[in-house]
Visitor: 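I am attaching a structure below and will ask some questions about it afterwards.
Labels below follow one simple rule: chain letters A, B, ... track the order of the sequence lines, proteins then strands, and each chain is numbered from 1. Scope of the values below: all heavy atoms of this structure, side chains included, with no hydrogens, waters or symmetry mates.
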Number of protein chains: 2
Amino acid sequence: MSTWPDTALESLRAAGLRRGGARRAVVDYLAAQACCRSAQEIHDGIRGRGGEVGVASVYRALDTLVELDLVQRVDIGDGVARFEPTHEGTHHHHHLVCDDCGKVEPFTDAALERALERAAGRLGYELEQHDVVLRGACDGCRPGD
Amino acid sequence: MSTWPDTALESLRAAGLRRGGARRAVVDYLAAQACCRSAQEIHDGIRGRGGEVGVASVYRALDTLVELDLVQRVDIGDGVARFEPTHEGTHHHHHLVCDDCGKVEPFTDAALERALERAAGRLGYELEQHDVVLRGACDGCRPGD
DNA sequence: CTCCAAACGATAGCGATTCTCATCGCTGTG
DNA sequence: CACAGCGATGAGAATCGCTATCGTTTGGAG
């Protein structure tokens with residue numbers, strides 16, 4: 001299996017889309033991140049490297065990528081949409097959000113995945129995607145308790 | 001077990017909060033809904049019944065209710081926050097969202113709950129809340145397939 | 001009944017996202 | 001290699017959900 005950026009850029013081309021000015025920048029940026037990033041962060045990040053992208057292009061690129069299932073939208077409930085590459089298999093993960101410090105960290109859990117599949121199947125849904133966001137106090141933010 | 005509106009209004013009073021002009025309207029409205037509603041819908045819904053609430057009051061009321069754990073905020077990823085009564089025990093549920101028609105329906109799954117608890121514990125988080133949103137094509141929106 | 005502060009409603013303000021539009025630059029053709 | 005056509009792009013305006021502000025209202029204790 002090739003790397004995610006390669007797969008993504010190839011998929012974009014296969015979908016009949018043209019060159020990769022802004023799109024490529026977004027793909028590159030996301031590929032280098034450990035976890036989800038907001039559109040704002042992506043925009044700033046690309047510009048910080050000297051990229052000349054406009055906000056609109058970032059959103060457009062993300063839209064396309066989400067459409068093609070190459071990027072997943074993550075909503076942790078603070079009114080800002082975040083995005084991250086969809087990693088099939090091994091890297092698929094969900095998110096833990098600390099209510100106190102706002103830290104977001106990824107986690108994986110096989111049993112959880114199975115439970116999700118089963119639940120969806122039971123209700124006649126063909127599962128396309130799923131978001132799980134757990135909220136609470138993280139280790140660091142629970143000093144006395 | 002008394003009804004949710006009663007519990008909610010009582011909790012509000014216990015928290016030292018005053019009368020229930022706007023707050024009561026929000027509680028009443030939510031109690032009558034089957035599933036989550038956006039702040040906009042709540043506002044419109046109350047006004048549709050002749051209520052004179054302002055948007056700000058709706059948000060304020062929701063904020064307070066969420067704070068007191070009487071209402072749960074649900075984010076299905078469309079950039080609009082939705083709210084619904086927190087039903088302890090039997091009625092606790094998560095959401096299935098149809099990518100096609102946008103329909104949102106609740107579901108429950110005991111195994112899923114257990115998996116969530118376990119996963120959080122394993123990572124040192126004290127779980128405060130969790131949101132699970134499953135996306136896909138619902139029965140009705142999958143005619144041929 | 002009177003008074004004070006909590007609660008309220010309207011509206012301005014703010015930040016995130018989308019829309020609009022003139023321009024740019026791939027990409028296939030001659 | 002130059003060209004044309006059209007999708008892609010960036011800047012800024014517009015929109016939308018949500019929050020902050022502020023003067024007014026009103027619950028409720030004395």
Visitor: Salt bridge (charged side-chain N to carboxylate O under 4.0 Å, His left out) with Asp131(A): which residues, sequence neighbours excluded?
Guide: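 So Asp131(A) forms a salt bridge (charged side-chain N to carboxylate O under 4.0 Å, His left out) with Arg135(B).
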
Visitor: Polar atom pairs between nucleotides 28-30 of chain D and protein, under 3.5 Å, N or O only, would you list them?
Guide:
none

Visitor: List the steps, then state whether side chain to side chain contact (heavy atoms under 4.5 Å, CB included) holds for Val66(B) with Phe83(B).
Guide: CA-CA 9 Å; Val66(B) 168; Phe83(B) 302 85; 4.1 Å; yes

Visitor: Select one nucleotide: of dA11(D), dG10(D), dC8(C), the one nearest the side-chain heavy atoms of Arg23(B).
Guide: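 Looking only at side-chain atoms, Arg23(B) lies closest to dC8(C).
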
Visitor: Using the test salt bridge (charged side-chain N to carboxylate O under 4.0 Å, His left out), find all partners of Glu128(B) that sit at least two apart in sequence or belong to another chain.
Guide: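 Partners of Glu128(B) under the salt bridge (charged side-chain N to carboxylate O under 4.0 Å, His left out) test: none.
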
Visitor: Distance check needed: dC18(D) C1' versus Asp44(B) CG, whole Å only.
Guide: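 Answer to the nearest Å: 15 Å.
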
Visitor: Using a 4.0 Å cut-off on protein heavy atoms (strictly under), produce a 5'-to-3' string for nucleotides 12-22 of chain C with B for base contact, S for backbone-only sugar-phosphate contact, and - for none.
Guide: ----SBBBB--

Visitor: According to salt bridge (charged side-chain N to carboxylate O under 4.0 Å, His left out), who are the partners of Asp78(A), at least two apart in sequence or on a separate chain?
Guide: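 Expected list: Arg82(A).
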
Visitor: What's in the same ILVMFWY side-chain cluster as Leu112(B), cut-off under 4.5 Å, chained through other members?
Guide: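 When side chains under 4.5 Å apart are linked, the cluster holding Leu112(B) also contains Leu96(A), Phe107(A), Leu112(A), Leu116(A), Leu123(A), Tyr125(A), Leu127(A), Val132(A), Leu134(A), Leu96(B), Phe107(B), Leu116(B), Leu123(B), Tyr125(B), Leu127(B), Val132(B), Leu134(B).
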
Visitor: Given dG9(C), is OP1 or OP2 found less than 4.0 Å from the side-chain N or O atoms of Ser57(B)?
Guide: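 Result: yes.
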
Visitor: Can you tell me how far P of dA7(C) sits from CG of Leu9(B), to the nearest Å?
Guide: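 These atoms are roughly 14 Å apart.
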
Visitor: For a quick test of your reading: what N or O donor-acceptor pairs under 3.5 Å do the side chains of residues 53-62 of chain A make, sequence neighbours left out?
Guide:
residue	atom	partner	partner atom	Å
Ser57(A)	OG	Arg60(A)	NH2	3.2

Visitor: Under the side-chain hydrogen bond (donor to acceptor under 3.5 Å, both in side chains) rule, collect the residues that match up with Glu84(B), sequence neighbours excluded.
Guide: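 Scan of Glu84(B) (side-chain hydrogen bond (donor to acceptor under 3.5 Å, both in side chains), adjacent residues dropped) gives His93(B), His95(B).
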
Visitor: How close or far is atom P of dT19(D) from atom CG of Asp78(A), stated in whole angstroms?
Guide: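 Between P of dT19(D) and CG of Asp78(A): 11 Å.
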
Visitor: Enumerate the residue pairs fulfilling salt bridge (charged side-chain N to carboxylate O under 4.0 Å, His left out) with a member in residues 27-46 of chain A, sequence neighbours excluded, ordered by first and then second residue.
Guide: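 Applying salt bridge (charged side-chain N to carboxylate O under 4.0 Å, His left out) to every pair that reaches into residues 27-46 of chain A, excluding sequence neighbours, yields nothing.
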
Visitor: Separation of Leu12(A) atom CG from dG7(D) atom P, in whole Å?
Guide: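 Roughly 16 Å, once rounded to whole Å.
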
Visitor: Could you give all pairs that pass the salt bridge (charged side-chain N to carboxylate O under 4.0 Å, His left out) test and reach residues 108-124 of chain A, with sequence neighbours left out?
Guide: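 Those involving residues 108-124 of chain A are Asp109(A)-Arg122(B), Arg122(A)-Asp109(B).
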
Visitor: Side chains of His130(A) and His92(A): donor-acceptor distance under 3.5 Å anywhere?
Guide: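 Looking only at side-chain atoms, His92(A) and His130(A) do form a donor-acceptor pair, the distance falling under 3.5 Å.
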
Visitor: Just the rounded figure in Å: distance from P of dT24(D) to CD of Glu52(B).
Guide: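 Distance, rounded to whole Å: 18 Å.
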
Visitor: Can you check the His43(B) NE2 to dT11(C) C1' distance for me, whole Å?
Guide: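 From His43(B) NE2 to dT11(C) C1': 12 Å.
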
Visitor: Checking Asp99(A) now: which residues fulfil side-chain hydrogen bond (donor to acceptor under 3.5 Å, both in side chains) with it, not counting sequence neighbours?
Guide: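 Asp99(A) satisfies side-chain hydrogen bond (donor to acceptor under 3.5 Å, both in side chains) with no residue once adjacent residues are dropped.
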
Visitor: Just report the end-to-end axis angle for the helix from dC1(C)-dG30(D) to dG30(C)-dC1(D), five pairs per end, to 10 degrees.
Guide: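 Computed from the C1' atoms at both ends, the axes differ by 20°.
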
